[in-house]
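So the structure is just underneath, and the comments pick up after that.
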Amino acid sequence: METAKKILIIDDNDDFRSMLNKMLSRTGYLITEAENGVQGVEEYRNHPVDLVITDLFMPEKDGTETASELKQIDPQVKIIAVSGGGARIANVDFEDIMFEYGFLRILQKPFRSNELKAVVKELLS
Amino acid sequence: MIFRSGTVKSKLLSLQALLVVSIAVVNALAGYFIFSKYLSFAQREKLEEGTASMVIIASAFVRDCSYQLVNLVINEAVKKYNQSHNPLVLQAHFSTYSSRFPVISFLGNKGVEEVKNVFGDVSFNFTDYSGSSFYREARDIPNKVYVSSLRFEKLIGSYVLDFAYQHTDYFDDDLGFVLASARVLDLKNELKKIRDNDKGFYLILDKNNNIIATNYNKLSARNIEEFPDVDPLLLRSLKNGKKDFIESLQLDGQKCVISTSFLEDLHWKIINIAPHLTYYASLRELRNSNLIIALTVLVVGVMLTYLIAKSITVPISNLEKIISDVSSSQDMSLRAHVESQDELGSLAESFNRMLDRIETSQQEITETKNYLNSIIKHMTDFMIVTDSNGTITVVNQNVLKANDIEEDVLIGKNISELMKNQNGEPIFDDAMLRQILESGFLHQAESEVYNWQNKRQFLSISAAVLKNVYDDAEGIVFIAQDISQRKKAEEKQFKLEQELQQARKLEAIGTLAGGIAHDFNTLIGTIIGYAEMISADLPETSPLQDDLATIIKVSERATTLVRQIREFSKPKDSVKHEIDVVNLVKNNINLVRTLVPSSVVVEEDYQIGEQIIFANEDQLNQILINLCTNAVDVMTDQKGTIRVKLALIDITGDGMADYPGVKPAGYVWISVADDGWGITPEIIERIFDPYFTTKETGKGSGMGLAVVHSIVTSHSGYIFVRSAIHQGTTFDIFLPTSNKELGE
């Protein structure tokens with residue numbers, strides 16, 4: 001059995017974060033958590049992971065900034081964004097955000113577990 | 001009473017008749033009186049006429065003789081005696097000298113001698129009269145002629161009368177004494193001249209009844225006593241006749257009048273015997289002439305009174321005719337003809353002056369009236385005048401125009417019939433009129449009015465009570481201003497404000513939704529995540545699986561709801577782009593499905609595959625969402641079907657009967673139909689009005705369909721509603737396939 005993949009979950013909502021933790025842990029991934037972008041960047045610097053799932057709207061440091069800093073640490077880092085917002089942020093389409101900040105996917109909250117699992121599995125395979 | 005009831009003309013005619021009768025009566029009375037008087041007078045005067053003639057003849061030639069002789073003698077004596085005023089000569093007794101009477105007598109010897117000296121050798125026959133009575137009487141009372149008895153003068157062989165005359169001057173000095181003899185034959189000849197007048201014959205008798213003179217040829221006797229075969233009655237009458245004695249006798253078979261008078265100087269009795277016929281002829285003449293005079297006076301009187309009456313009645317009747325013409329025809333230009341300078345003339349003049357003034361003031365009144373009418377006619381406001389019961393008496397042109405009614409139809413109607421409210425009830429009912437009459441006015445009341453043509457107008461109505469001189473209310477003047485445009489503008493303004501407010505509200509909601517959406521979705525995501533994990537943990541046969549599925553489904557719906565709110569409240573631009581309307585509708589229907597209860601079926605019918613139109617996507621989205629959510633609201637128990645149909649349609653020429661007013665062009669026809677309760681016609685009328693809602697308070701803004709209408713219009717499109725109770729409602733939207741308007 002290959003080594004379990006590591007996933008860092010950055011979200012300021014504790015309940016959602018732990019729900020994701022549980023959901024992905026069950027699937028066999030190793031999960032670390034950070035409750036905001038600052039902590040998340042620090043965590044990644046200390047313990048790099050295979051995949052980062054970050055919220056887009058967070059206090060201290062939002063998802064796009066976080067993604068930019070992570071890219072500075074490791075340009076090859078894989079990042080998925082999950083957002084409670086709509087398909088656009090401040091009139092900018094998610095697709096544009098993806099391209100600009102290097103998100104591999106943007107999932108809109110709420111999403112079905114299968115949807116997330118499929119995306120994670122695809123990116124980590 | 002004729003004096004009150006009769007006309008002036010009849011009165012004047014009566015007066016005229018009265019005058020004529022009076023004149024005739026007076027005339028007749030006067031005639032009778034004169035006639036009577038003449039009768040008696042004539043009886044006397046007739047006689048004296050002849051007598052007087054005799055005396056005149058006698059006296060004349062006596063005086064004539066005496067003057068001539070006195071002058072002759074005195075002059076000759078003066079000549080002979082060298083102008084000595086010898087009294088002897090004066091006292092000489094002269095006799096008469098006349099060419100007609102050749103017998104000249106001289107009295108006294110001395111006198112005769114002197115006369116002889118004067119006249120030379122003249123042969124005279126001398127007779128001494130000094131002893132005779134008439135001579136003495138003449139001497140006693142001078143300047144009177146005395147006559148002797150008839151005597152025969154042998155010298156001339158003829159009967160003569162002697163006349164004596166004492167001539168004195170103013171101092172009673174004798175100028176001379178004249179003694180004249182006249183032949184009776186000559187006197188008779190003189191009398192014959194009188195007889196020519198055919199008034200009978202005369203007898204002049206002296207006191208001894210000797211016939212001095214007569215024109216009765218048959219008489220040859222000297223004294224009446226010697227008359228042969230004389231009628232004893234006549235004889236008695238002649239002898240006993242006294243002064244002014246008149247007697248009627250039958251003489252020679254002829255009725256005669258015998259009248260007697262006396263000449264006291266001469267002691268003569270003058271008798272006139274005239275036949276009745278002759279005697280009364282003059283009286284008849286007199287009577288006839290009187291009759292003629294009376295008739296002439298009558299005719300002249302009638303004519304004069306007629307002319308006078310006419311001069312009064314003609315101007316009066318002319319004036320009366322003019323007055324009656326003026327009063328009946330109201331033609332103030334007529335004038336009375338001034339025919340005279342009297343009171344009637346001045347009356348006519350005054351009447352004419354009065355007509356002048358009336359005509360002038362009538363013209364002024366007419367001008368003023370026209371001026372006022374013109375003001376009223378050209379007033380931009382509506383003016384209606386009613387009596388105090390509200391019956392319309394005067395309106396201006398604007399009222400007639402706005403109500404599309406003829407003046408004679410409207411006049412007499414009640415104002416309650418003219419102005420009604422939305423429910424067809426009179427705006428000015430009895431109570432309202434009473435209130436105006438009591439308060440005296442109505443001040444700029446703004447009212448929605450349905451006029452005679454049932455057309456809606458917004459009017460600002462003022463009213464004031466018309467009062468007569470006794471301060472009683474006679475009527476009401478209504479002035480109304482059409483403020484429909486202002487109302488419309490106000491409504492539009494209000495609508496804009498409401499829309500703006502609504503937009504702000506939506507914006508606020510959008511901001512709020514945007515703010516909470518992230519957290520909300522995160523929470524929902526958590527719920528769904530756990531629910532799925534539980535579901536995965538439970539056996540698939542677990543009865544809890546359904547519950548979990550419901551949790552997940554409802555959670556997802558909550559997410560959709562939030563997204564809808566965000567979408568809806570997103571700031572929208574109205575910029576139009578070329579969009580595929582079919583695709584847009586399809587997307588919207590998908591959205592609608594998530595919004596409506598599962599009990600509502602949404603059917604789609606696309607008769608076209610793709611159609612690009614020039615439109616604003618967001619606004620079209622809003623149209624569909626609004627129509628579909630409205631459709632659900634009118635369904636009983638939220639069960640039913642929504643049918644959305646999309647087709648192309650070309651509207652040409654006269655357009656379509658069901659969709660009036662649509663300009664000919666190609667359109668995309670979007671039809672949204674439900675099978676709900678349907679809408680009543682009253683509601684359909686107002687369905688697009690802003691804030692008109694049939695929903696319960698708090699459940700509807702009343703903006704939905706107003707916004708739809710506004711969007712469709714801004715796309716140069718049309719929207720129509722068809723509805724039948726219990727069968728459903730269909731909204732038909734026509735959006736032009738070209739952004740160019742026809743004709744551009």
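A, B, ... follow the sequence lines: proteins, then strands. Residue 1 opens every chain.
By the 6.0 Å and 45° rule, K586(B) stacks over the aromatic ring of Y606(B).
Salt bridge absent: D519(B) and K109(A) never bring a charged side-chain N and a carboxylate O closer than 4.0 Å.
Options I524(B), I527(B), T522(B) differ in how many heavy-atom pairs under 4.5 Å they form with chain A, and the most are formed by T522(B).
Residue N13(A) touches chain B through its side chain alone, counting heavy-atom pairs closer than 4.5 Å. At a 4.5 Å heavy-atom cutoff, R17(A) makes no contact with chain B through either its backbone or its side chain. When heavy atoms are compared at a cutoff of 4.5 Å, F16(A) approaches chain B by way of both its backbone and its side chain.
Each of R105(A), K71(A), M98(A) was checked for a side-chain contact (heavy atoms from CB on, under 4.5 Å) with I79(A), and the lone residue meeting it is K71(A). Checked against V49(A) for a side-chain contact (heavy atoms from CB on, under 4.5 Å), the options K78(A), K5(A), K6(A) give a single hit: K6(A).
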